[in-house]
2 protein chains.
Amino acid sequence: MSAKTRESTKPMLASIKEHPGKRADSTARLRQRVLDAALTCFAAAGVEATSVADITRLANVSTGSLYHHFDSKNGIAEALYLQGLDQLNSGVLGRLNRCRSARTGVRSVVLQYAEWVSANREMAGFLYAGDVVMSDAARLERKRMYGRQIRAVFEWFARYVARGEMRHIPADTYVPLISGPIQEYTARWLSGDAQRSPAALKALFADAAWNAVKT
Amino acid sequence: MSAKTRESTKPMLASIKEHPGKRADSTARLRQRVLDAALTCFAAAGVEATSVADITRLANVSTGSLYHHFDSKNGIAEALYLQGLDQLNSGVLGRLNRCRSARTGVRSVVLQYAEWVSANREMAGFLYAGDVVMSDAARLERKRMYGRQIRAVFEWFARYVARGEMRHIPADTYVPLISGPIQEYTARWLSGDAQRSPAALKALFADAAWNAVKT
DNA sequence: GACATACTAGAACGAGATTCTAGAAAGTTG
DNA sequence: CAACTTTCTAGAATCTCGTTCTAGTATGTC
């Protein structure tokens, strides 16, 4: 089917490589092309409704090639998911670590969250759609990431809790209290049930977050 | 394959019908058997990993029969999803409508939510897993349900907002502020990342909800 | 310049969702 | 109750993918 677009036996990558090109280079390029194409498809139609053929077509890659670099269609979805989640998490954590008071820290979590999802709508939509069926390995990885995030966030908060500037509640309730509302609102927005972007309402949700955990 | 379990040409429904049995009766019975079987499978393994054969086997129904009553495997998932969501919503709304003060009303939403998910873990897990790929029709129906719920909840709140007992904020931010945290916590609990059941922490989240919207 | 490794291509395979064909039960009408 | 229609059941046949397999082609190394 896509044989028509292949004009010769020369690899199509030749035209993309600007330098003589190490193999590693073109490999990385192809992997990325596949990931980009997959995100576009997944965000538009969901993982299940996207066929491998859709991805190979958009990425301009053969079936064999795709399977040489990835385990399975779902493996691509998992890789994207973990990559997106990590990006979101580290954005939040990075900003939090530059804060110097309990209030700005708590607010920063919400603000960063709102800004990120508004700026990365395609990835956010993919993450929220939740149609990635996680393998045990990916599930474990996600749990590890979530645990690390919770721990890092909680450690940051700990000193303020100790000083009595923040409430003392079970460790795993901080994140739901702080980011639950903005996440819930974001889900509505992504599914088209809410009009205003999370970024437009970030102040409201940031205030609410601080209000929920301050003493 | 399942021919082994079919002992004769007599319909297996005969043994189930206690009355002479109208057709509508046995039809409803079969539909429900399929839905029950599907929920069990979906909750255990997810929609994608469940085969139609799994469902027909557990429900003791033939392929043709199943497809006579449902469009597709995904159609079954959609029906279950909407049914579960409706149950959850009406539970919340019913309880809210029996409340006589802003504070008890707001708290009741959270309490009901926590109790329902803790009591209906299988359905809750299915709803939260989010692995139902919604058709346009189902998406529309969900939007309609969500809109109705938001409106009903907001109408209830409206009088207290007018009296100045509750904050005046955009209509579609009340639900995220009130139930966002408990929902977020529930998601963690269902995926095994949090230990205590939502019901065990309901008071904490109910207080937080009231705190978030009171004046 | 021969061998190894990394990669690409697309055909073949197999699992499983959906459709099709045949026929049985229930309901209706005379 | 006999003829006829409609609803429902059964399971085989089909068709759509995801994945694997076979046959290569480039790149790098000695």
Side-chain angles (χ1 to χ4, degrees), chain A residues 1-17 19-31 33-34 38 41-42 45-57 59-78 133 135, chain B residues 1-17 19-31 33-34 38 41-42 45-57 59-78 133 135:
Chain A
M1 59 285 289
S2 64
K4 275 308 206 26
T5 64
R6 185 99 325 114
E7 58 280 13
S8 75
T9 42
K10 273 298 171 93
M12 72 282 166
L13 281 178
S15 59
I16 297 179
K17 290 188 267 184
H19 320 297
K22 306 294 188 308
R23 175 132 62 192
D25 194 41
S26 81
T27 290
R29 217 176 286 272
L30 183 142
R31 263 191 72 95
R33 271 222 316 286
V34 170
C41 295
F42 292 163
V47 175
E48 191 164 8
T50 297
S51 72
V52 170
D54 291 336
I55 301 173
T56 58
R57 204 176 306 122
N60 200 28
V61 160
S62 73
T63 316
S65 216
L66 183 147
Y67 275 93
H68 178 75
H69 295 283
F70 296 93
D71 282 356
S72 63
K73 179 176 83 164
N74 204 62
I76 300 175
E78 286 176 358
V133 182
S135 67
Chain B
M1 60 280 296
S2 65
K4 276 308 209 22
T5 64
R6 186 96 326 114
E7 57 281 9
S8 76
T9 43
K10 272 299 170 96
M12 72 279 165
L13 281 178
S15 57
I16 297 179
K17 290 188 269 187
H19 320 297
K22 306 294 187 307
R23 174 133 61 191
D25 194 40
S26 80
T27 289
R29 215 174 287 272
L30 183 140
R31 263 190 72 94
R33 269 220 319 283
V34 171
C41 295
F42 292 164
V47 175
E48 191 164 8
T50 297
S51 73
V52 170
D54 290 337
I55 301 173
T56 58
R57 204 175 307 122
N60 201 28
V61 159
S62 73
T63 316
S65 215
L66 182 147
Y67 275 94
H68 178 76
H69 295 284
F70 296 93
D71 282 355
S72 63
K73 181 176 80 164
N74 203 62
I76 301 175
E78 286 176 358
V133 183
S135 67

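By convention in this document, chain letters (A, B, ...) are assigned in the order of the sequence lines, proteins followed by strands, and residues within each chain are numbered from 1.
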S.K.: Is B:T63 near enough to D:dA12 that one of its side-chain N or O atoms lies under 4.0 angstrom from OP1 or OP2?
M.R.: no
S.K.: Report yes if the side chains of B:L30 and B:H69 come closer than 4.5 Å at any heavy-atom pair, otherwise no.
M.R.: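 A side-chain contact under 4.5 Å exists here.
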S.K.: Given axes from five pairs at either end, by how many degrees does the helix from C:dG1-D:dC30 to C:dG30-D:dC1 bend, rounded to 10°?
M.R.: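 The angle separating the two end axes equals 10°.
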S.K.: Whole angstrom is fine here: how far is it from NE2 in B:H69 over to P in D:dA10?
M.R.: 10 Å
S.K.: Measure from the side-chain heavy atoms of A:Y67 and tell me the nearest of D:dT19, C:dA17, C:dC7.
M.R.: D:dT19
S.K.: Could you work out which one of D:dT9, C:dA17, D:dC17 sits closest to the side chain of B:S51?
M.R.: C:dA17
S.K.: Nearest nucleotide by nearest heavy atom, which residue falls closer to the 5' end of DNA chain D, A:G64 or A:A53?
M.R.: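 Looking at DNA chain D, the more 5' nearest nucleotide goes with A:A53.
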S.K.: At less than 4.0 Å, is any side-chain N or O atom of A:H68 found next to OP1 or OP2 of C:dA9? Yes or no.
M.R.: no
S.K.: Rounded to the nearest angstrom, tell me the gap between atom CZ in B:R57 and atom C1' in C:dG16.
M.R.: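 So the two atoms are 12 Å apart, to the nearest Å.
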S.K.: So, OP1 or OP2 of C:dA9: does either fall under 4.0 Å of a side-chain N or O from A:S62?
M.R.: yes
S.K.: So what does A:T50 hit on the nucleic acid, given a heavy-atom distance under 4.0 Å: a base, only sugar-phosphate, or nothing?
M.R.: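 Sugar-phosphate: the residue A:T50, judged by heavy atoms under 4.0 Å, touches backbone atoms but no base.
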S.K.: Write down the distance between CZ (A:F70) and C1' (D:dG18), rounded to a whole number of angstrom.
M.R.: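 Answer to the nearest Å: 16 Å.
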S.K.: In whole Å, I'd like the distance from the NZ atom of A:K73 to the P atom of D:dT20.
M.R.: 14 Å
S.K.: Kindly point out which of C:dA17, D:dT9, C:dA9 is positioned nearest to the side chain of B:S65?
M.R.: D:dT9
S.K.: Only counting residues at least two apart or in another chain, list the ones meeting side chain to side chain donor-acceptor pair (under 3.5 Å) with B:D54.
M.R.: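 If we apply the side chain to side chain donor-acceptor pair (under 3.5 Å) test to B:D54, skipping adjacent residues, the hits are B:S51, B:R57.
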